[in-house]
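We count ligands from 1, going down the list as the structure has it; atoms in each ligand are counted the same way. One is the number of the first residue; the rest follow in order along the sequence.
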Amino acid sequence: MQLSEFRPKTIVEPFRIRSVEPISFSTMPTRKKALEKAGYNPFLLPARDVIIDLLTDSGTGAMSSRQWAGMIASDESYAGASSFYRFESAVKEITGFKHIIPTHQGRAAEHILFSNIAQKGDIIPNNSHFDTTRAHVENQGAEARDLVSLEGLDLEMILPFKGDMNLKALEALIESEGRENIPAIMLTVTNNSGGGQPVSMANIRGVSEIARSHNIPFYLDACRFAENSWFIKTREKAYANTSIIDIAQEMFGYADGCTMSAKKDGMSNIGGFLALNDDELATRCRSMEILTEGFPTYGGMAGYDMEAIACGLYEALDEDYLHYRIRSIEYLGEKLIKAGIPIVQPTGGHALYINARAMLPHIPPLQYPAWSLQNGLYLLGGIRGVEIGTVMFGLQPDGSEKPAVQDLVRLAFPRRVYTQSHVDYIAEIVINLYAQRNSLTGYRIIEQTPVLRHFTAKLEPIPDTR
Ligand SMILES: Cc1ncc(COP(=O)(O)O)c(C=O)c1O
């Protein structure tokens with residue numbers, strides 16, 4: 001019998017599960033109590049009270065058997081551990097940068113970089129700063145300026161690279177502020193705060209040309225470099241036949257350095273690095289690393305963390321894995337769009353973003369519609385997402401408050417953790433909450449810190465007076 005070849009449309013999870021973690025299915029009354037106890041802040045919920053945890057894709061992934069094998073065989077020497085050299089060699093091969101400075105996570109790399117390059121009065125342009133990046137820039141008294149392309153601000157326009165930087169705005173900024181006040185240009189790939197949208201190779205090249213012509217160092221915030229490379233391969237014609245690692249290497253080749261949270265595309269539960277070419281800056285950064293992180297051959301990580309990253313960086317570049325990952329989120333997006341739910345389109349790399357301001361027009365931005373939506377998802381289905389909106393970005397350095405550019409709820413997917421039935425469950429809950437959306441009310445903050453308030457703030461629901 002001669003069978004003809006058949007290519008199924010189903011994208012199968014490219015792994016078998018050998019180790020499982022039970023989920024406990026809480027009831028709505030227990031979630032109600034848990035949320036109240038947490039000051040209506042999902043960051044303060046015990047994880048055991050969550051059914052599907054989409055708070056973040058950071059450090060929450062499942063590791064492979066190869067990573068665990070490397071971890072068991074790690075070298076925990078304080079100085080010169082072989083685990084460090086394996087980590088360094090992987091990072092060097094993929095990024096091509098000369099100096100690799102390990103850190104315990106991404107924000108530690110940001111802290112070391114910005115304390116060494118930025119000062120009061122400076123401006124750091126980025127497509128969109130992530131919250132910790134912004135906080136580190138502002139902590140130096142500098143300004144974090146977001147210059148994402150105009151298309152990137154349109155939440156529903158279907159375009160392939162909405163994370164691109166507005167190159168004209170970048171040139172205008174350098175012209176008006178002067179090169180001497182811009183110690184670095186940054187580009188976040190993919191653009192987490194801007195809906196997880198990718199940046200094209202053409203745009204990375206464009207930013208690099210502008211940076212080089214003005215002699216301004218150019219850094220990538222490279223947390224999701226592999227996902228960005230996948231989008232370049234699948235959406236930028238010239239790269240359709242280029243391997244993911246070649247795309248990643250070309251991206252890094254346009255920059256002078258990067259900060260990295262290995263908790264994302266390093267496929268690790270912890271870790272990060274700062275990588276750069278400048279010898280003199282690297283010396284200063286290493287001195288600070290010793291002060292704040294640890295000796296330069298471990299920088300706040302255990303040998304086994306460095307082993308996990310050395311292996312994980314390559315696993316993140318695997319095409320079958322990237323296909324499954326990006327497709328899961330797109331699949332959820334298709335279901336929500338079909339139900340009429342306003343989401344950021346096209347769906348991003350690591351997360352799906354619901355446009356809470358559009359979904360809940362009866363809640364004004366200063367009553368935090370995205371906060372209300374994230375809490376609704378938790379109450380109805382035990383799903384924990386995160387507000388990317390006015391609670392996260394609305395507090396100004398002078399203590400005043402203004403609505404953030406957007407009020408979104410991000411549903412971020414841990415790597416290699418959830419399967420299609422989990423995604424189907426999420427879709428069902430979001431669609432049911434949409435049907436009950438008029439019952440959601442605004443929130444007010446009753447306790448907060450001046451920096452990164454969303455992590456610890458306590459809130460209360462505003463009674464419905466309609
Ligand atoms: C774009 C981006 N930059 C920086 C960071 C900070 O990394 P970490 O959480 O490891 O400190 C994150 C974390 O979510 C991020 O998404």
Side-chain angles (χ1 to χ4, degrees), residues 43 53-61 91 101-115 124-139 144 146-148 152 162-165 184-199 204 219-229 231 251 255 257-275 289 292-293 299-301 305-306 308-309 312-313 316 325 329 348-353 384-388 392-393 408 410-415 451-452 454-455:
F43 275 106
D53 207 343
L54 307 178
L55 180 68
T56 175
D57 63 323
S58 180
T60 51
V91 178
I101 299 175
T103 58
H104 79 277
Q105 63 182 90
R107 69 198 67 186
E110 293 166 358
H111 170 67
I112 293 174
L113 178 65
F114 291 117
S115 350
I124 309 284
N126 200 326
N127 42 358
S128 304
H129 287 83
F130 182 66
D131 59 357
T132 59
T133 325
R134 171 174 296 279
H136 279 296
V137 170
E138 289 173 354
N139 199 35
D146 289 346
L147 295 181
V148 74
K162 285 164 68 175
D164 280 358
M165 188 180 261
I185 298 170
M186 253 194 141
L187 201 51
T188 307
V189 294
T190 56
N191 190 19
N192 187 1
S193 307
Q197 298 293 318
V199 183
I204 297 172
Y219 291 88
L220 289 177
D221 177 340
C223 300
R224 299 179 181 83
F225 74 98
E227 290 169 10
N228 202 79
S229 303
F231 284 117
M251 262 169 38
C258 72
T259 54
M260 172 78 188
S261 167
K263 299 168 76 175
K264 283 83 171 176
D265 282 350
M267 302 291 239
S268 167
N269 297 130
I270 196 74
F273 55 85
L274 168 64
E289 179 188 34
T292 59
E293 291 288 287
M301 280 187 282
D305 298 323
M306 293 188 282
I309 298 167
L313 287 168
R325 175 160 178 75
I329 296 161
H350 64 297
L352 179 138
Y353 294 69
R384 175 158 66 171
V386 70
E387 189 246 26
I388 308 265
M392 188 179 270
F393 292 120
L408 307 174
R410 186 188 73 179
L411 303 178
F413 280 70
R415 290 167 179 76
V451 179
L452 299 175
H454 53 286
F455 286 123

Checklist entry - How far is atom 14 (O) of ligand 1 from its nearest protein heavy atom, and which residue and atom name does that atom have? => result K264 NZ, 2.7 Å
Checklist entry - Below 4.0 Å from any atom of ligand 1, is there a heavy atom belonging to G272? => result no
Next on the checklist: Quick test: of every protein heavy atom, which one is nearest to atom 6 (C) of ligand 1, and how far off is it to 0.1 Å?
Outcome noted: T132 OG1, 3.5 Å
Item to check | Distance-minimising heavy-atom pair for G300 and H104 | outcome: O-CB, 3.5 Å
Checklist entry - G106 heavy atoms, cut-off 4.0 Å: which ligand 1 atoms fall inside? => result 7 (O), 8 (P), 10 (O), 11 (O)
Checklist entry - What atoms of ligand 1 come within less than 4.0 Å of a heavy atom belonging to R107? => result 7 (O), 8 (P), 9 (O), 11 (O)
Checklist entry - With the threshold set at 4.0 Å, does a side-chain nitrogen-carboxylate oxygen contact exist between E110 and R134? => result no
Checklist outcome for this item: The closest protein heavy-atom partner of atom 5 (C) of ligand 1 is F130 CD2, 3.4 Å
Next on the checklist: Show the atoms of ligand 1 that are less than 4.0 angstrom away from any heavy atom in K263.
Outcome noted: 10 (O)
Checklist entry - Name the one of R107, H454, H136 that satisfies side chain to side chain donor-acceptor pair (under 3.5 Å) with D131? => result H454
Checklist entry - What residue and heavy atom of the protein are closest to atom 8 (P) of ligand 1, and at what distance? => result Q105 NE2, 3.3 Å
Next on the checklist: When you compare ligand 1 with S261, is there at least one nitrogen or oxygen pair between them that comes in under 3.5 angstrom?
Outcome noted: yes
Item to check | Nearest neighbour in protein (non-hydrogen) for atom 4 (C) of ligand 1 | outcome: E110 OE2, 3.1 Å
Checklist outcome for this item: Atoms of ligand 1 under 4.0 Å from any heavy atom of D221, numbered from 1 in the order shown, are 1 (C), 2 (C), 3 (N), 4 (C)
Next on the checklist: I'd like to know if D265 pairs up with R224 as an ion pair, taking the criterion as any Lys NZ or Arg NE/NH1/NH2 lying under 4.0 Å from an Asp or Glu carboxylate oxygen.
Outcome noted: no
Item to check | Salt bridge flag under 4.0 Å for residues D57 and R415 | outcome: yes
Checklist entry - Numbering the atoms of ligand 1 from 1, which are under 4.0 Å from a heavy atom of R224? => result 1 (C), 15 (C), 16 (O)
Checklist entry - Does one side chain, of N192 or R410, offer a donor that lies under 3.5 Å from an acceptor on the other? => result yes
Checklist entry - Any side-chain heavy atom of P414 within less than 4.5 Å of one from L54? => result yes
Checklist entry - Which ligand 1 atoms, with their elements, are less than 4.0 angstrom from a heavy-atom of T188? => result 1 (C)
Next on the checklist: Just so I know, are the side chains of L187 and V199 near enough to count as touching, which here means a heavy-atom distance under 4.5 Å?
Outcome noted: yes
Next on the checklist: Minimum heavy-atom separation for F273 and A109, please, with both atom names.
Outcome noted: O-CB, 3.5 Å
